[in-house]
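One structure below.
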Amino acid sequence: MEKVYESQKFEEEIYQLWEKSHYFTPEIDNKKKPFTIILPLPNANDPMHMGHALFTIEDIMVRYHRMLGEPTLWLPGADHAGIETQFVFERELAKQGKSRFDFDRETLYQRIWDFAEKNRHLNKFQMKKLGFSLDWSRYHYSLESEIVNQVLATFKKLFNDGFVYRGEKMVNYCTRCGTAFSDLEVDHVEKEDFLYFLDYGSIQIATTRPETIFVDVAIAVNPEDNRFKDLVGKKAVIPIINKEIPIIADEAVEIDFGTGALKITPGHDMTDFEIGQRHGLSAISCITFDGKMINCPEEISGLYPKQAREKTLELLQKQGKLIKTQPLKHTVGICYRCKNIIEPLLSPQWFVKIAPLAKPVIEAAKKGQTKFFPTRFKKLFLDWMENIHDWNISRQIVWGPRIPAWYCLDCNPEIKINFLDKNGNLVSGLYRELKDRHSFEEIKKGLQSLTAPVKATFKIEEEINCPHCQSSHLLQETDTFDTWFLSGQWPLTTLGYNVENPEKSSEDFKYFYPTSVMDTLWDILFFWVGRMMIFGLYLTKEVPFKLVHLHSRVVDKKGQKMSKSKGNVIDPLVMSEKYGADALRMSLIYGIAPANDIVVSEEKIIAMRNFANKIWNIGRFILGQMEENGIANFEDLPAYQDDLPGLQTEDKQIIKDFIETIAKVTQGIEKYHFGLASEAIYEFLWHRFADQYIEHTKERLKQKDQVALIVLRHVYLKSLMLLHPFMPFITEAIWQRFPRKEKTALIVSPWPKVK
RNA sequence: GGAUCCGUGGCUCAGUUGGUAGAGCGUCUCAUUCACAUUGAGAAGGUCAGAGGUUCGAAUCCUCUCGGAUCCACCA
């Protein structure tokens, strides 16, 4: 054996050994209970980072259960990650001076496909580097047809059961990304802004958005507010355009804020929209989906809201309607992806009625059918589930499966269409206006997107002719599904659940579902875990996993989140090549507390590399001692037994301490205290076994005391088993190097028992 | 406006049913052709944020205060 452990010499070879022997692929055995983890699917466009390296936690559980002899499945996959990937791709396009508007959707889709395909395979390779014992024979990609077909089937089922509807509601719209988002995808940031006090004739109001006054439909005051009691039912006048609007009373208005009077703009504010609904007021937009002003005075029309605000203030000032300006700190919604300010806009979207679907989830969580670790996340989860809002599942992007709905253009001539004409020019307009100048085929070929009015008729099945008017001018909805609509069904689709005919679900599904553990970063508890619970219970009446294990994010040694802009990113693959995958893995596990930030630094990885080397050298020492004693195969040495003649006190003590260590490591893994488990084996092997026991037995070994050698070999080999889930490569490498008659692999060795 | 987490040696963090404080890195002193210098032996260094309470006993449980972080929520 070499003097130091050189990880890069072994890792690839060891991984191949495991993979070739099919150790990662479990066999279905109905006499045994399986252990299953579905890998949180990484984004296909995303090369590996520390967050992925944390899958080590899952690998530890998986390797442990495999060693317990359970049929163990860890199922890998990758997500097309709709908005994320399209966003990254559009940035690439921008570098070439192009944008998404230069392509018809078919072409754009194909381009993104090719782009995502490259990294998807890179990612697989990278996970192998870290030793993850994933069953690659069951790998899935979110856009393969067997997955997508089931997702579409779920959509149809939801629709038929009355859970899907189209609605024209206030949605979070990013005019830069050109799509709506769900509430969860909006970030909130604090912003220094101004509150403007405006004169509306009979009443004064305060607003942060003067550019939207042109589509005000009312002024609201609190019904308890004595100052304005007499004004309710009277009129106010919008400045600049001098339009009369009613003054109404609504409890949502806060008496203490501003002047106590709120301008109601249902087209551009969530609260206003709700107030408008209560009072039967119409909602009018003054900002388009391109982020430009309409329905406003000519000099403002076409401006971006920011410029429009300045212009409006200028006009207000001129007319003496701007009473005062006051600084205000408030929070605004921004696009989680591009950081642009989110514009609440009125837009027809597809929604899932979620409250009735959340109900069984709440019950299951309360009953403990799915448990949470750490337990505090259960409360967080339940709070969210109990206050859940309808889910906007449509996105105005191309990257993802299209919503399977077909509109007849002749029945719905008000559908707005954007397409590239035969000369490659971008044309937009209502079908009613376009159909005389462009053939249906030309529109269909160059189609970018369509927007159907909320009342448009549609069919969920594709048909050649419209059942009403026999027209063949049918176009599929161009909106795609929210990525989480697809990934929310991941445990079902990847295991082979059949939505239309559950009886026909695969053997895998019948055996491995519900899965054992879902381990993920807590910040997608709602996005993903929540949706998986909803879909799982809706479709199968069973929870998708028995335990949700939440872990935290990896931060640098200053406690800061790693980001490219801060330049504090530690690349797991660089570290793994430099110090070994085992050292990297151990550094992510050693000394961490459940769901607390995980601090990694190169120093810590080095410390763990040193530990790996220690393990290696203990093996080297024992092998050397065996040679000195003329033992060619370690199986030639008598087996250790508690009543072995010649056992000394220190032998009995090390055995006793080792048994304690087995208990600590086992308990640690069982109870998800991986930090404690790894510390226990580290402490024992280095400071107890090597520093004390080995040092003390050196004299005896010189005297050719075979009993000491038996104890050494026994404790060491069993320790390798205990350490294997944490540091799989080095332990297997040593195991393979110990000379013996029967070739076995450590990965499938039995987990050491206390008794 | 609700809710959660954190505050332990110079730095980064462990410390699972309460029993006289631990690790890694750093510092200091020794040792060393011994399996390993990616080493060994040893040392210095903490009133466990502060105050009060429960207890025979609290870093650990309860209350409050201060400081830091995060999540949720339609504050114009």
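Every chain is numbered from 1 and lettered A, B, ... according to where its sequence line falls, protein lines coming before strand lines. Here the structure is a predicted model, which is why all the values come from computation and not from measurement.
If you measure from atom CZ of A/R620 to atom P of B/A35, you get 8 Å, rounded to the nearest angstrom. For the pair A/F621 CZ and B/A35 C1', the interatomic distance rounds to 6 Å; values are reported in whole Å. Computed from coordinates, the A/Q625 CD to B/A35 P distance equals 7 Å when rounded to whole Å. In this structure, CD1 of A/I622 is placed 12 Å from P of B/A35, rounded to the nearest angstrom. If you take CD1 of A/I669 and P of B/U16, they are 18 Å apart, rounded to a whole angstrom. Between the CG atom of A/N613 and the P atom of B/C36 there is a distance of 10 Å, rounded to whole Å. Note: CH2 (A/W686) to P (B/U38) measures 11 Å, nearest angstrom. Between the CD atom of A/E6 and the P atom of B/U38 there is a distance of 13 Å, given to the nearest Å.
Screening residues 701-712 of chain A for side chain to side chain donor-acceptor pair (under 3.5 Å), with sequence neighbours left out, gives A/R700-A/D705.
At least one cation-pi condition fails for A/K321 and A/Y196: the charged atom is not both under 6.0 angstrom from the six-membered ring centre and inside a 45 degree cone around its axis.
Electrostatic pairing of A/D523 and A/R553 counts as a salt bridge here, judged by a charged N lying under 4.0 Å from a carboxylate O. Salt bridge A/D657/A/R688: present, at least one basic N to carboxylate O contact under 4.0 Å.
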Quiz: residues 592-608 of chain A side-chain donor-acceptor pairs under 3.5 angstrom, not counting sequence neighbours:
residue : atom : partner : partner atom : Å
A/D597  : OD1  : A/S552  : OG           : 3.0
A/S601  : OG   : A/K604  : N            : 3.3
A/E602  : OE2  : A/K578  : NZ           : 2.8
A/E602  : OE2  : A/Y579  : OH           : 2.5
A/E603  : OE2  : A/K557  : NZ           : 2.8
A/K604  : NZ   : A/S587  : O            : 3.1
A/K604  : NZ   : A/Y590  : O            : 2.8

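Using cut-offs of 30° and 60° for the angle between ring planes, the A/F658 and A/F684 rings count as tilted. The aromatic rings of A/F527 and A/W484 sit tilted, their planes meeting at an angle between 30° and 60°.
Taking a pair as Watson-Crick or G-U wobble with both distances under 3.5 Å, RNA chain B forms stems of 3 or more consecutive pairs at B:1-7 with B:66-72, B:10-13 with B:22-25, B:27-31 with B:39-43, B:49-53 with B:61-65.
As judged by a 4.0 angstrom heavy-atom cut-off over every strand, A/H268 is placed among residues making no nucleic acid contact. A/D691 comes within 4.0 angstrom of sugar-phosphate atoms only, judged by non-hydrogen atoms across all strands, and of no base. At a threshold of 4.0 angstrom between heavy atoms, the contacts of A/F377 with the nucleic acid are absent. Across all strands shown, A/N387 has no heavy atoms under 4.0 Å from either base or sugar-phosphate atoms.
For A/R376 and B/U4, a side-chain-to-base donor-acceptor distance below 3.5 Å is absent, hydrogens and geometry of angles not being considered. Judged by atom type and distance alone, A/K604 does not reach the base of B/C25 through any side-chain donor-acceptor pair under 3.5 Å.
Aromatic ring centres of A/Y5 and A/F10 lie closer together than 6.0 Å.
In this structure, the nucleotide among B/A14, B/C25, B/U39 sitting nearest to the side chain of A/A607 is B/C25.
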- Message: Base contacts versus sugar-phosphate-only contacts with protein, heavy atoms under 4.0 Å: please encode nucleotides 67-76 of chain B as B, S and - from 5' to 3'.
- Response: ---S---BBB
- Message: Before you tell me yes or no, could you show the steps for A/N392 and A/S182 under side chain to side chain donor-acceptor pair (under 3.5 Å), namely the whole-Å CA-CA distance, both residues' side-chain angles and the distance that decides it to 0.1 Å?
- Response: CA-CA 5 Å; A/N392 173 8; A/S182 72; over 6 Å; no
- Message: What verdict does the side chain to side chain donor-acceptor pair (under 3.5 Å) test give for A/T271 and A/E274, after you've listed the backbone C-alpha separation in whole Å, the side-chain angles of each residue and the deciding distance to 0.1 Å?
- Response: CA-CA 5 Å; A/T271 313; A/E274 281 166 25; 6.0 Å; no
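Nucleotides B/U4 and B/U55 have their C1' atoms positioned 28 Å apart, rounded to a whole Å. Look at the P atom in both B/A41 and B/A35: the space between them is 16 Å, to the nearest Å. For the C1' atoms, the distance linking B/G46 with B/G9 amounts to 5 Å, nearest Å. Taking atom P in both B/C6 and B/A49, one finds a spacing of 12 Å when rounded to whole Å.
The shortest heavy-atom contact between A/W528 and A/P40 is CH2-CA, 3.4 Å.
A heavy atom closer than 4.0 Å to some atom of RNA chain B occurs in A/L676, A/E679, A/Y682, these being the qualifying members of residues 674-682 of chain A. Residues from residues 693-707 of chain A with heavy atoms under 4.0 angstrom of RNA chain B, sorted by number: A/I694, A/E695, A/K698.
With a 6.0 Å radius and a threshold of 12 heavy atoms from other residues, nucleotides or ligands, A/K306 has its NZ atom at or below the threshold.
In this structure, a donor-acceptor pair under 3.5 Å is absent between the side chains of A/W391 and A/D183.
Side-chain contact check for A/V548 versus A/F381: every heavy-atom pair is 4.5 Å or farther apart.
The one candidate from A/H330, A/R209, A/K329 that meets the side chain to side chain donor-acceptor pair (under 3.5 Å) condition with A/D193 is A/H330.
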